[in-house]
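Please read the structure below before turning to the comments.
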Amino acid sequence: MCEDSHGGLGRRALFMTGAAAALTLGSVSFAAAADGGQESRTVRGTLPPGSPDFVYVPVEVPAGVRELKVAYTYDRPSVPAGTLGNALDIGVFDERGTELGGRGFRGWSGGARTEFFLRTDDATPGYLPGPVREGTWHIALGPYTVAPQGLSYEITITLTYGEPGEAVEPVYPPERAKGRGRAWYRGDCHLHSWHSDGRRTPAEIGELARAAGLDFINSSEHNTHAAHAHWADVAGDDLLVMLGEEVTTRNGHVVALGTDPGTFVDWRYRARDNRFGRFARQIRRAGGLVVPAHPHATCIGCNWKFGFGEADAVEAWNGPYTPDDEVALADWDSMLVASVRDGRDWIPAMGSSDAHRSPDAVGSPQTVVLADDLTREAIQEGIRAGRSYVAESARVTLSFRASGGRGEHAGIGERLAVGRDTPVTVRLEVTGAPRCTVRLVTDQGVVHTSAPLPVTGSGVVEWRTTPSYAAYVRAELRHEAAAGPLPGPLAAFANPVFLGRD
């Protein structure tokens with residue numbers, strides 16, 4: 001039930017936006033006011049358990065509005081242990097509507113903010129500046145979780161009348177930085193600033209990225225592209241800034257990596273709606289990569305349920321190494337086995353920090369990519385081809401290759417095209433990993449475990465095999481286990497080298 005500040009009951013209508021069920025409440029209307037004046041309306045209501053994923057509050061915006069401001073609160077009753085409490089996200093769509101695809105999208109802050117504003121010359125981080133045009137706008141509510149008692153909310157909408165400010169022309173970062181030609185470049189492709197639920201500014205992230213030894217980063221705010229126009233001053237000859245989004249659905253998150261500036265990717269669908277393929281294709285049309293994030297994370301809505309048929313890579317290591325990363329790594333290895341069994345393309349793995357705020361470490365882990373230059377296109381091509389490894393920091397470096405008896409050789413993400421019974425030598429060179437253990441993994445499982453590396457952190461491990469025994473070989477670098485038979489947490493891992501002719 002929805003009631004406005006005058007006590008009237010709002011009408012309700014259940015409808016479909018694309019494929020996701022949503023609830024539209026009664027309209028909130030304003031009368032035109034004198035130049036420079038303000039007018040507010042307050043809407044109150046309660047959402048029951050089992051509410052649709054999205055609830056829209058239409059707002060009839062008259063002509064002559066300079067600024068739209070929205071503030072909201074909701075109750076957080078105590079609930080028994082193991083029961084979900086209340087969490088209510090918020091955003092806004094303008095007079096162009098709420099249709100799936102996001103033509104009318106003007107911003108989203110999830111649950112990170114209790115208020116926001118928009119006007120022609122400025123907007124709250126996470127929201128897009130621009131004119132507040134006459135028409136029906138929609139406050140978008142996302143009842144992420146609802147307690148058994150229901151979720152009571154209050155929304156106050158304030159319009160300020162007057163002449164609009166001067167429009168701001170967005171400036172985006174360049175698509176190249178001063179590289180070293182064909183070389184290994186270090187990057188972190190999953191980061192959050194104050195333009196979604198992070199606490200750092202883009203400038204602070206840039207400073208931390210440089211301190212972490214990174215060559216490139218990717219902007220990936222939750223369900224908004226509003227940060228794209230705020231990275232130009234952060235980029236430089238020494239740091240490539242790519243633009244993207246973390247598309248945060250109720251059935252998993254996916255990083256749109258390196259899309260064209262200004263690209264927005266909608267998130268309002270579930271796996272059962274059969275809509276993800278449409279938006280994966282949109283990401284690629286916009287020049288980006290489709291990278292499912294933390295696919296086995298345990299947070300609500302984080303576990304990936306869309307399958308990997310559209311993935312260009314998968315984030316197998318997200319932030320500090322935890323058991324869900326171990327599951328993601330094992331699941332990725334199973335996908336490698338299936339790819340060689342079925343003779344189809346394989347999906348490379350990568351890692352990112354998902355850093356939001358202190359003490360989250362930018363660049364831990366980081367993906368190290370062999371690319372022809374430090375450009376958006378070259379970095380993406382290296383990631384897509386699997387010419388990369390993941391390291392916990394810039395201190396760790398790997399050199400991993402396989403060679404045959406006649407001088408043939410192949411590196412990470414490549415294929416050593418030799419006969420089934422040709423002797424092959426696999427060689428891993430490591431620096432920056434004191435007391436770590438090397439594990440070599442094939443489609444048969446773990447086939448070699450080294451002694452701990454010396455305290456200098458440098459060492460070489462060699463292993464010999466044939467393509468008939470190993471369809472691929474990949475490398476893991478592990479810290480010493482605290483106790484028991486389980487392997488220690490990762491310090492680094494490399495995408496595989498494939499053995500044998502196609």
Side-chain angles (χ1 to χ4, degrees), residues 13-24 47 49-56 89 91 93 96-105 108 110 138 140-146 190 220-225 244-260 263-316 318 324 327-328 331-332 334-335 338-339 342 344-349 384:
L14 186 66
F15 74 106
M16 304 297 285
T17 172
L23 180 68
T24 297
L47 300 174
S51 291
D53 288 348
F54 302 102
V55 176
Y56 296 101
D89 295 342
F93 290 77
R96 291 170 293 178
T98 61
E99 184 179 352
L100 192 65
R103 185 167 175 263
F105 176 79
W108 182 258
H138 289 83
L141 302 177
Y144 199 61
T145 56
V146 178
H190 187 166
S220 55
E221 309 295 357
H222 293 285
N223 296 342
T224 181
H225 60 298
E245 179 186 334
E246 184 176 7
V247 184
T248 306
T249 80
R250 298 300 182 89
N251 285 160
H253 304 182
V254 61
V255 172
L257 198 168
T259 53
D260 294 335
T263 298
F264 167 71
V265 184
D266 213 323
W267 74 97
R268 294 171 295 160
Y269 43 86
R270 293 194 181 216
R272 68 191 181 208
D273 298 330
N274 196 28
R275 288 293 189 272
F276 175 66
R278 164 185 169 183
F279 294 100
R281 291 188 292 273
Q282 179 198 352
I283 292 169
R284 281 192 283 271
R285 283 196 306 271
L289 301 183
V290 178
V291 184
H294 45 65
H296 291 278
T298 56
C299 46
I300 297 169
C302 294
N303 191 275
W304 183 249
K305 298 183 185 299
F306 293 92
F308 296 91
E310 296 283 357
D312 295 304
V314 60
E315 190 183 75
N318 175 277
D324 60 271
V327 174
D331 191 37
W332 171 65
S334 295
M335 289 192 285
S339 70
D342 300 337
R344 53 182 170 81
D345 291 342
W346 63 288
I347 300 174
R384 188 187 294 109

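The structure displayed is predicted, hence computed values, not measured ones.
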| request: Can you label the angle between the Phe54 ring and the Trp267 ring as parallel, tilted or perpendicular, going by 30° and 60°? | output: perpendicular

| Which class fits the ring pair Tyr269 and Phe306: parallel under 30°, tilted 30 to 60°, perpendicular over 60°? | perpendicular

Gap between atom [atom2] of [Y] and atom [atom1] of [X] - 0.5 Å precision:
X      : Y      : atom1 : atom2 : answer
Asn318 : Asp324 : CG    : CG    : 7.5 Å
Thr259 : Arg285 : OG1   : CZ    : 12.5 Å
His253 : Asn303 : NE2   : CG    : 10.0 Å
Asp312 : Ile283 : CG    : CD1   : 8.5 Å
Glu246 : Glu315 : CD    : CD    : 7.5 Å

| task | Assert yes or no for the condition that the ring centre distance of Trp304 to Phe276 is strictly below 6.0 Å. | result | yes

| Between His225 and Phe264, does the ring centre distance come in under 6.0 Å? | yes

Quick check: does any side chain N or O of [X] sit under 3.5 Å from a backbone N or O of [Y], one acting as donor and the other as acceptor?
X      : Y      : value
Tyr144 : Ile300 : yes
Asn223 : Trp108 : no
Glu245 : Val265 : yes
Arg268 : Asp53  : no

| field | Salt bridge present between Arg344 and Asp342 (N-O < 4.0 angstrom) | value | yes

For residues [X] and [Y], determine if any side-chain heavy atom of one lies less than 4.5 Å from a side-chain heavy atom of the other.
X      : Y      : answer
Arg284 : Val290 : yes
Asp266 : Arg275 : no
Arg384 : Pro348 : no
Pro295 : Asp331 : no
Phe279 : Glu310 : no
Arg272 : Asn251 : no

How close do [X] and [Y] get, counting heavy atoms only, and between which atoms?
X      : Y      : result
Leu257 : Val291 : CD1-CG2, 4.1 Å
Pro52  : Ala22  : CB-CA, 3.9 Å
Ser220 : Val255 : CB-CG1, 4.4 Å
Gly252 : Thr249 : O-OG1, 2.7 Å
Asp345 : Ser339 : O-CB, 3.7 Å
Tyr56  : Ala140 : CE2-CB, 3.7 Å

